[in-house]
Amino acid sequence: MSFDSNTLNPEQREAVTHGAGPLLVLAGAGSGKTRVIAARIAHLVLRAGVPAGAILAVTFTNKAAREMNGRVAAMLPRGEAPTICTFHAFGVKLLRAHIERLGYRRGFAIFDTQDQLSVVRNLMEEGDFDNLLLNPKEALFLLMQAKGKGVPAADLLANTAPREQMLGRIMTGYQAALQRMNAVDFEDILILSLRLCLEHPEAAAGFFARYRQVLVDEYQDTNQTQYDLLRHLVAAHRNLCVVGDDDQSIYGWRGAAPGNILEFERDFPGARVVRLEQNYRSTDTILAAANQVIRNNTRRKEKRLRGNQGPGKPIAWLVAEDEQEEMERVATHLKLAHLRDGAALSDFAVLYRSNHQSRAIEEALRGEGIPYQLVGGTRFYERKEVKDALAYLRLVENPADEVSLYRVLNYPRRGIGQASQLKLAEYAAHQGRPVHELLREAGQYGEFTGAVATAMERFGEMLERYRGRFAAEPMGTVFRALLAEIGFHRAVEKEHDDAKGRDRAVQLVLELELAVDQYGRNNPAAALKDYLERVALFTHLDNEEPEQRLPMVTLTTVHAAKGLEFPTVYIINAAEEVFPNRRALAGGEEEEERRLFYVAVTRARRQLVMSFAKVRRRFGQELKQKPSRFAREIDPGLFAGDSPQGGAAQAVKVDKTREAKSRFFNQIKMLGDPADAKPALPAAD
DNA sequence: CACACGCTAATTTTT
DNA sequence: TTAGCGTGTG
């Protein structure tokens with residue numbers, strides 16, 4: 001296979017064929033960014049003679065990495081492939097080889113937010129910390145922010161502000177605890193990678209040396225640590241190509257430093273800068289709306305998306321009395337477009353600001369019999385049942401993981417209660433020995449009664465036994481045996497007294513067993529730690545292999561929709577305090593919310609629909625709503641009929657007692673709507 | 001130590 | 001409003 005550079009526009013071609021040295025690509029939404037990166041990789045290999053194995057492309061999400069891998073694979077001959085992965089996956093590769101130099105052991109665990117919170121909670125319970133000054137959740141959030149910026153504990157401790165002081169003490173204790181447990185968090189993966197560069201340059205350089213061309217996708221989402229790591233990575237050759245769009249920076253809350261885009265030209269003098277402003281995705285109407293919204297942001301690099309498809313359909317503004325009616329209107333609108341225009345269900349996406357909003361639209365779609373696919377939502381690997389079961393695997397792999405240990409030491413119940421656990425922890429701290437070592441000798445200490453000591457010893461013995469089995473037998477088999485031995489299913493069932501919840505919980509466990517089993521079968525050479533690493537790094541965005549299922553409507557948060565496109569996009573709940581999100585506004589993040597809205601709008605290819613309810617129920621109370629300020633920033637002339645500027649006043653009253661009739665009426669009304677009746681534009685590809 | 005009831009926080013986004 | 005957590009009781 002190969003690629004055809006003649007299908008590229010001049011700017012794209014410039015980016016693709018750029019030779020050595022730093023390159024900054026400012027890529028507007030829908031400007032063919034992913035295509036450019038893939039084409040550049042192909043160009044480097046096929047035309048510039050760079051070995052595929054010498055290329056590293058870093059993405060922000062696993063989903064992006066997977067898509068990039070697919071595209072590149074289609075353009076390159078079989079054989080050695082470039083490394084295409086997330087920052088974190090790359091960091092883990094590096095740490096797996098060299099973490100022992102940094103005071104950790106092999107087989108380290110990767111802690112997720114829940115695990116981290118558990119550590120912080122324990123820390124704050126045991127030590128002298130003022131919960132009112134900083135509760136565990138706040139503390140963890142600030143801790144991660146500080147870590148993302150590379151702020152050391154010493155700096156925090158040197159600060160006179162009491163909150164900073166406290167945070168500094170928490171950071172010290174937290175890092176000590178993680179090291180004791182041989183665990184790293186997501187930020188540690190990056191920080192330790194960077195530390196390796198600084199403290200063991202020979203080891204890091206040895207690892208990096210093979211990469212002679214480095215590409216970074218979604219550059220605006222990188223944080224300080226990632227940026228520093230990049231600089232070390234390319235220090236020897238400066239062959240760094242970063243692609244990003246400051247208008248699509250939507251991870252500021254996670255410490256992303258979009259300023260990295262500006263710093264790039266300073267830190268890499270002589271960098272070539274290419275701007276991609278030609279949009280191939282959306283109609284002019286959609287692009288106009290996007291431009292009108294984003295231009296209200298003050299801190300941005302001025303740019304303007306140019307389209308080439310003509311105006312297309314106007315934007316639709318659906319107004320309803322309450323949320324239920326809003327979602328019914330969306331579902332009806334969608335169904336009608338599906339039936340009337342013959343559009344596939346996979347052509348539609350419903351976007352919302354935050355995950356919990358999916359519930360209402362799900363109900364409405366179910367009511368209309370429209371199949372949908374939920375992106376994200378409650379994450380499989382974060383479900384209690386799944387985490388409990390996984391805790392056993394994590395313990396087998398890393399016995400020092402006390403978070404997992406205490407999670408399951410008495411689950412399923414084996415008679416080791418809170419008091420005994422506390423005693424165990426204190427005794428371990430007093431002896432300065434790891435908890436798991438003490439377990440197996442519990443009978444030797446007078447601390448524990450006979451029954452408790454026996455239970456502890458049996459627990460320790462069991463883990464040891466399964467450690468051996470996992471090393472020798474297929475992991476799926478051993479995992480099932482383990483769950484059976486401890487009576488896990490029974491324990492899960494016992495936790496629910498309602499049949500629904502029970503079935504759901506059991507189903508989750510069965511799903512997990514299947515996942516472990518399949519992973520073991522598909523990767524016979526893989527060890528347990530490979531599976532655990534995958535679980536830790538992969539998120540719900542990576543819903544296994546892209547299944548070839550029935551066409552379905554996609555339901556997703558705006559964040560998770562970044563990088564995707566759909567012929568028709570619904571932005572639901574386009575109301576003040578919802579989108580923009582109230583807390584974000586309170587935190588002074590209006591501009592990031594606006595960028596998020598901009599991302600939502602630019603996902604649409606041919607039609608954009610926004611919906612709004614005049615009243616929302618919140619905590620059981622009725623709340624009057626106003627149309628989103630972002631929707632109001634769009635020229636009313638771009639809307640068909642109702643617009644957010646005046647739409648609320650003209651809402652169609654729906655008689656609840658005659659819902660079926662009114663729905664029918666709505667359908668007729670929409671069928672007759674001249675704006676809506678325009679035929680869809682042909683595909684612009 | 002297990003269970004039940006009642007209180008409180010949640011409603012931002014994810015590697 | 002609801003889910004998850006903590007406290008108190010048996």
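Throughout, protein chains are lettered first and strands after them, A, B, ... in sequence-line order, and every chain is numbered starting at 1.
For B/dT14, one of the phosphate oxygens OP1 or OP2 lies less than 4.0 angstrom from a side-chain nitrogen or oxygen of A/Asn355. Contact annotation: A/Arg583 side-chain N/O to B/dT12 OP1/OP2 distance is under 4.0 Å. Regarding contacts with the backbone of B/dT12, every side-chain N or O of A/Thr557 stays at 4.0 angstrom or more from both OP1 and OP2. When the side-chain nitrogen and oxygen atoms of A/Arg413 are compared with OP1 and OP2 of B/dA2, one or more of them lie within a distance under 4.0 Å.
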Begin with the C-alpha distance, continue with both residues' side-chain angles, and end with the deciding distance and a verdict on salt bridge (Lys or Arg N to Asp or Glu O under 4.0 Å) for A/Arg629 and A/Glu576.
-> CA-CA 7 Å; A/Arg629 68 186 66 183; A/Glu576 280 294 293; 2.7 Å; yes
So A/Arg594 and A/Asn297, side-chain hydrogen bond (donor to acceptor under 3.5 Å, both in side chains) or not? Walk me through it.
-> CA-CA 8 Å; A/Arg594 187 175 281 109; A/Asn297 270 4; 2.8 Å; yes
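Under a 4.0 Å N-O distance rule, the pair A/Asp388/A/Arg407 qualifies as a salt bridge.
Within 4.0 Å of A/Ile416, counting heavy atoms only, lie sugar-phosphate atoms of the nucleic acid but no base atom. Nucleic acid contact for A/Phe87: none, since no nucleic acid atom lies under 4.0 Å from a heavy atom of the residue.
In the set B/dT12, B/dA2, B/dA10, B/dA2 carries the atom at the smallest distance from any side-chain atom of A/Asn410. Here the nucleotide nearest the side chain of A/Arg359, chosen from B/dT14, C/dA3, B/dT11, is C/dA3. The A/Ser420 side chain lies nearest to B/dC1 when the options are B/dT12, B/dT14, B/dC1.
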